[in-house]
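Just so it is clear, the values below take in all heavy atoms, side chains as well, and ignore hydrogens, waters and symmetry mates. Proteins come first, then strands; the chains are lettered A, B, ... in the order of their sequence lines, and each starts at number 1.
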Amino acid sequence: MRIATWNVNSIRTRVGRTVDWMVREDVDVLAMQEIKCKPEQFPTELFEEAGYELAIHGLNQWNGVAFASRLPMHDVAHAFPGMPGFLKGAEGPDQPQEARALGVTVDGVRLWSLYVPNGRALGDPHMVYKLDWYDKLTEYVRTETHERPEVPLALMGDFNVAPTDADNGDPSVVVGTSTHVSPEERAAFATLLDAGLADTVRPLVPTGYTYWDYKQLRFPRNEGLRIDFILGSAPFAEAVTEASIHRDERKGDAPSDHVPVLVQVDLGEADDDLPMFL
DNA sequence: ATGCCGGACCAGGTCCGA
């Protein structure tokens, strides 16, 4: 199974190149972020013509997550348990949830398309929200991997953290003043992994970024960030046989500022002729 | 660098992103 994630930064603007890439790369399941539309506005036709069905979670022009899959999707969830909400000008629990998470099960694999809050600035209430979001996501992963350790689980999406200095090639993103690289955000990301996930791409793709700012010639200068990940529980991560970051998708007309990240997962199939009797 | 791009709203100006 070939599984990918892509922050498309408006699916209505990017539908052509998104479907073209999926067909070219033989993608079975794509997790999208920042679709920036409601389900009734989603351009479904090109996906369906290419043989994909859709699961869409969008509330307005902000955020929005979706899946396109060639295989049937089950158990669709519009939030993970305990997922925080956020309301501008208000703090505290029980605020309305934004469209930042979508869960589906495909071929026995639990998949999430996640758009982690940006944080906006160090000290901004939105940063408190971001860190709380990480806390609650971590708690979900702990519970899930403890209760169902045999179920392959993958968190895919835009995590809005560059976990190490090697993941930050943007000279304007500086530890001490910038979001995405602060010790608190990096600790939150590390704690999420400690809950039972592995970065499935890094071991196979040791360098490269997944995002370049539109401004300041960041892409031609290759001054980007690696903030888009496919994080897998043990049974998922052990089944990853290939991984790639598709830098070329940042080129050409009207690209997203993010590029897709793809893994090949070879999970044991019931019809395999493996020597199970051993 | 707090908005130099780019998208959504929807008609000129604001909000948002990392």
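- Each of A:Y214 and A:V116 was matched to the nucleotide of DNA chain B holding its nearest heavy atom; the match closer to the 5' end belongs to A:Y214.
- In the set B:dG7, B:dA18, B:dA8, the nucleotide with an atom closest to the side chain of A:A254 is B:dG7.
- Atom C1' of nucleotide B:dG7 and atom CG of A:N60 are separated by 13 Å, given to the nearest angstrom.
- Nucleotides B:dA18 and B:dT14 are separated by 22 Å at their P atoms, to the nearest Å.
- Whole-Å rounding puts the A:N9 CG to B:dC9 P distance at 13 Å.
- When heavy atoms are screened at a 4.0 angstrom cut-off, A:Q41 is found touching the sugar-phosphate backbone but no base atom.
- By the 30° and 60° cut-offs, the orientation of the rings of A:F159 relative to A:Y134 is tilted.
- The distance between atom CZ of A:R250 and atom P of B:dC5, rounded to the nearest whole Å, is 12 Å.
- Side-chain proximity of A:W62 to the nucleotides B:dG7, B:dA18, B:dG17 is greatest for B:dG7.
- At a threshold of 4.0 angstrom between heavy atoms, the contacts of A:N168 with the nucleic acid are absent.
- OP1 or OP2 of B:dA18 sits under 4.0 Å from a side-chain N or O of A:N160.
- Each of A:K36 and A:N63 was matched to the nucleotide of DNA chain B holding its nearest heavy atom; the match closer to the 5' end belongs to A:K36.
- Using a 4.0 Å cut-off, some side-chain N or O of A:N7 falls inside it from OP1 or OP2 of B:dA18.
- Distance from the side chain of A:Y211 is smallest for B:dA18 among the nucleotides B:dG17, B:dC9, B:dA18.
- Contact annotation for A:R14: backbone-only contact, meaning every heavy-atom pair under 4.0 Å involves sugar-phosphate atoms and none involves a base.
- Heavy atoms of A:F159 sit nowhere under 4.0 angstrom from any nucleic acid atom.
- Across B:dG7, B:dA18, B:dC5, the shortest atom-to-atom separation from the side chain of A:K215 is found for B:dC5.
- For A:N118 and A:H126, the side-chain atoms include no donor-acceptor pair closer than 3.5 Å.
- Of the candidates A:L193, A:V141, A:T200, A:L231 forms a side chain to side chain contact (heavy atoms under 4.5 Å, CB included) with just one, namely A:L193.
- Using a 4.0 Å cut-off, no side-chain N or O of A:T179 falls inside it from OP1 or OP2 of B:dA18.
- Across the P atoms, B:dG6 and B:dA11 are found 24 Å apart, a figure rounded to whole Å.
- Looking at heavy-atom distances under 4.0 Å, A:D257 makes no contact with the nucleic acid at all.
- Among the heavy atoms of the strands, none lies under 4.0 Å from A:S172.
- As judged by a 4.0 angstrom heavy-atom cut-off over every strand, A:R12 is placed among residues touching the sugar-phosphate backbone only.
- Atom CZ in A:R226 sits roughly 18 Å away from atom P in B:dA18 (whole-Å rounding).
- Taking atom C1' on both B:dC10 and B:dC16, the two are 16 Å apart, rounded to the nearest angstrom.
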**OP:** Step by step, work out the salt bridge (Lys or Arg N to Asp or Glu O under 4.0 Å) result for A:E242 and A:R2.
**Re:** CA-CA 9 Å; A:E242 298 172 27; A:R2 291 169 67 79; 3.8 Å; yes
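- Here the C1' atom of nucleotide B:dG17 and the CG atom of A:L122 are 15 Å apart, to the nearest Å.
- Using bins of under 30°, 30° to 60° and over 60° for the plane-to-plane angle, the ring pair A:H246/A:W21 lands in the perpendicular bin.
- A side chain to side chain donor-acceptor pair (under 3.5 Å) with A:Q33 is found for one member of A:T5, A:D228, A:D158 and no other, namely A:T5.
- A:H258 has its NE2 atom 14 Å from the P atom of B:dG6, to the nearest Å.
- Closest approach to the A:N118 side chain among B:dG3, B:dA18, B:dG7 is made by B:dA18 (side chain taken as heavy atoms from C-beta onward).
- When the P atom of B:dG3 is taken as reference, atom CG of A:D124 falls 15 Å away, rounded to whole Å.
- Remark: P of B:dT2 and NE2 of A:H126 are 19 Å apart, rounded to the nearest angstrom.
- Using bins of under 30°, 30° to 60° and over 60° for the plane-to-plane angle, the ring pair A:F219/A:W212 lands in the perpendicular bin.
- Distance check on atom C1': B:dG7 versus B:dG12 gives 16 Å, rounded to whole Å.
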